[in-house]
Amino acid sequence: MARALTVVTEERPGHEALSRAFFADSGRAHTVGLCGSPGSGKSSLINRLVAAARAEGRTVAVLAVDPTSAFTGGAFLGDRLRIQEHALDAGVFMRSLATRGMMGGLNATIFAAIHVLEAAGYGRIIVETVGTGQDEVDVAEVVDTVVCVSAPYQGDEFQAMKAGTMEIGDVFAVNKADLPEVERAVAMLKDALSLAPRRDGGWAPRVAPVSALSGLGVPGLCADVEAHRAHLEASGELAGRRRRQLRRELALVIARRLTRDAMDRVTDRHIDMLAGKTSDPVTLGGRLTSGRA
Amino acid sequence: MTPHRILIAKPGLDGHDRGAKVIVRALRDAGFEVIYTGIRQTPEMIAATALQEDVAAVGLSLLSGAHLTLFPRVVDLMKKEGLGSVLVFGGGIIPDEDVAALKKKGVAGVFGPGTPTDDIVAFLRARLDAAPAPTPKRRAAKR
Ligand SMILES: Nc1nc2c(ncn2[C@@H]2O[C@H](COP(=O)(O)OP(=O)(O)OP(=O)(O)O)[C@@H](O)[C@H]2O)c(=O)[nH]1
Ligand SMILES: [Mg+2]
C-alpha cells in the first residue's frame with residue numbers, strides 16, 4: 001500500500017490504472033480535515049485524535065501536507081514529529097506529502113491518496129493541511145468534516161471576520177487551552193460565528209477549547225467530530241458533500257491535464273513571440289490550452 | 001521529476017539534534033523532500049517510518065557513539081521490511097576506523113563531523129539521480 005500511495009502521489013507509470021481501480025472502493029471512510037494557522041497545533045491534535053481512535057479499536061490513517069519551497073522545490077515535512085509515538089502501531093498509517101505547487105494548502109493528488117487508504121480499509125482518514133490560515137477553503141471540498149484549529153493570541157475579532165476558515169469549519173478547536181486567554185479566544189470565536197448566517201443542513205459549528213499538550217477537552221473534540229459525522233448522515237447532507245468532493249476531484253484532474261498538456265507544448269518559440277511582441281500571453285495561452293498552438 | 005524523499009532520523013539517546021537539523025535544512029534547500037522524526041527514535045521506528053513514507057534514502061545522525069550497533073540494526077530491519085534497496089547513510093561523531101565496518105554492513109555513505117553539507121547533497125544526487133525511481137514517461141503521443 002505504501003508503494004501504491006507513491007505511485008499515485010508521484011504520478012508514476014501506471015498511476016492512472018491504479019487510481020481507476022481504487023476509485024471503485026471510494027467513499028467508505030469518514031474523512032476529517034484539520035486546518036488552521038502554522039503552529040496552532042494541528043499535528044499535535046491529530047496525535048490525540050489518533051490515540052482516541054485507537055483506544056476505540058479503530059484503525060486510522062493520516063495524510064499530512066507541508067509546503068514545498070517555491071524557490072528550491074524542496075520541502076521540510078515535519079508533521080510526523082508530533083505523531084511519531086504511533087510509529088510502531090500497525091493500526092496507524094501516516095504519509096507526509098508536500099504541496100508541490102498546489103494552492104489551497106493541499107496536494108493535487110490528495111483524492112487519489114485518500115482512495116488508496118480507503119481501499120486498504122482505513123475507516124477514518126485525517127488530513128492535515130498546510131497552515132496558511134485564511135486560504136484553506138479547498139479542504140472543505142475534500143473532506144467530510146473540517147476542524148479549524150486556532151490558539152489564543154492569534155488576533156482579534158476582525159481576523160475572524162475575514163473570509164476563509166470561518167466559513168468552512170464544522171468544528172472549531174481552540175487549542176492550547178493550557179495557556180491563559182483561551183476563554184477570550186473562545187468567546188471571540190463564538191461571537192464571530194454568531195454573526196454568520198446559519199448554514200445548510202442546520203448544523204451549528206461547535207467551538208471547543210482543547211489542549212493537545214495536556215489532553216484537556218480532547219474527548220469533547222472527538223465527540224464533536226462524531227456528532228458532525230452523524231449529522232451529515234441523518235440530515236442527508238453527506239450526499240451533498242460527497243458530490244461537492246467529486247466535482248472538486250474531477251476539476252483537479254482536468255486542471256492538471258490541461259496545464260500539463262499545454263505546458264508540454266510551450267517552446268522557446270512561444271517565448272520569442274512574447275518577447276518580440278508578435279503575440280501576447282492571453283492569445284497564446286488561449287491557443288495552447290485549446291490545443292491550437 | 002518529483003523530488004526524492006529523504007528520511008532523516010536520530011536513533012539513540014542523545015538529545016542534541018542540531019546536526020540533524022542542519023542536514024534537514026541543507027537537503028530541503030537542495031530540492032529534496034525531507035521528513036524529520038525528531039530525537040530518540042528506535043531502529044524499529046525508523047524502519048517503520050521509512051516504509052510508510054516510502055523514502056529513497058534514510059540518513060541517520062548519531063552523536064552518542066552507538067553507531068556500530070544502531071546503524072546496522074536499522075539496515076537489517078529495513079531489509080526485513082523489503083526496503084533493501086533504500087539508500088542508508090549516516091553521520092555524526094564516527095571515528096575513521098569505524099567507517100569501513102559500517103560500509104560493510106550496508107551503510108552506503110558515512111560522514112564525519114564537519115563534512116560540508118554540499119558533500120552529502122552530492123552523494124545523494126550521485127546515488128539517487130543515477131538510479132532514479134521509475135519516472136513518469138512523458139506521454140508518447142506528443143501532438
Ligand atoms: N502550550 C501548548 N502548546 C502546544 C499545544 N499544542 C501544540 N503546542 C505546541 O505548538 C507548536 C506547534 O505544534 P504543531 O502541532 O506542530 O502545530 P501545527 O499546527 O501542526 O503546525 P504546522 O504543521 O507547522 O502548521 C509545538 O511547539 C507544540 O508543542 C497545546 O495544547 N498547548
Ligand atoms: Mg503540523
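Convention: sequence-line order gives letters A, B, ...; per-chain numbering from 1. Because the structure is a prediction, the values reported are computed rather than measured. The analysis underlying the following values was restricted to heavy atoms, covering all of them including side chains, and did not include hydrogens, waters or symmetry mates.
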Inset, instruction - Take atom CG of A:Leu179 as the centre, draw a 6.0 Å sphere, and report whether it contains more than 12 heavy atoms from other residues, nucleotides or ligands. - result: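 Above 12, so yes.
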
Inset, instruction - Select one option (side chain, backbone, both, neither) describing which atoms of B:Arg5 are under 4.5 Å from chain A's heavy atoms. - result: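 Only the side chain of B:Arg5 comes within 4.5 Å of chain A.
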
Inset, instruction - For each of A:Gly14, A:Ser96, A:Ala98, A:Ala90, tally heavy-atom pairs with chain B at distances under 4.5 Å, and name the one with the top tally. - result: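 Ranked by heavy-atom pairs under 4.5 Å with chain B, first place is A:Ser96.
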
Legend entry - Axial cation check for B:Phe32 ring with B:Arg125, 6.0 Å and 45° limits: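 Relative to the ring axis of B:Phe32, which defines the angle, B:Arg125 lies inside both limits.
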
Inset, instruction - Sorted by first residue and then second, give each salt bridge (Lys or Arg N to Asp or Glu O under 4.0 Å) pair with at least one member in residues 59-87 of chain B; sequence neighbours left out. - result: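 For residues 59-87 of chain B: B:Glu44-B:Arg73.
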
Ignoring hydrogens and angles, state whether a donor on the side chain of [X] or [Y] is under 3.5 Å from an acceptor on the partner side chain.
X	Y	answer
B:Thr37	A:Gln84	no
A:Ser43	A:Glu128	yes
A:Ser44	A:Asn47	no

Inset, instruction - Give, as side chain, backbone, both or neither, the part of A:Val92 having an atom under 4.5 angstrom from any heavy atom of chain B. - result: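 Backbone only.
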
Legend entry - Any donor-acceptor pair under 3.5 Å from A:Ser26 side chain to A:Phe22 backbone: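 Flag not set: sc A:Ser26 to bb A:Phe22 has no pair under 3.5 Å.
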
Inset, instruction - Find the one option among B:Asp29, B:Val24, B:Leu27 whose heavy-atom pairs under 4.5 Å with chain A are most numerous. - result: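 Most pairs with chain A among the choices: B:Asp29.
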
Inset, instruction - Could you have a look at B:Arg28, B:Glu33, B:Gln41, B:Glu53 and say which one has the most heavy-atom pairs with chain A under 4.5 angstrom? - result: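 Looking at each of B:Arg28, B:Glu33, B:Gln41, B:Glu53 in turn, B:Glu53 comes out on top.
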
Inset, instruction - Residue by residue, scan residues 97-111 of chain B and write down, ordered by number, those that have a heavy-atom distance under 4.5 Å to chain A; if none do, write 'none'. - result: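 Answer by number: none.
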
Inset, instruction - Calculate, to the nearest 0.5 Å, the distance between atoms CD1 and OG1 belonging to A:Ile126 and A:Thr31 respectively. - result: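 The CD1 atom of A:Ile126 sits 10.5 Å away from the OG1 atom of A:Thr31.
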
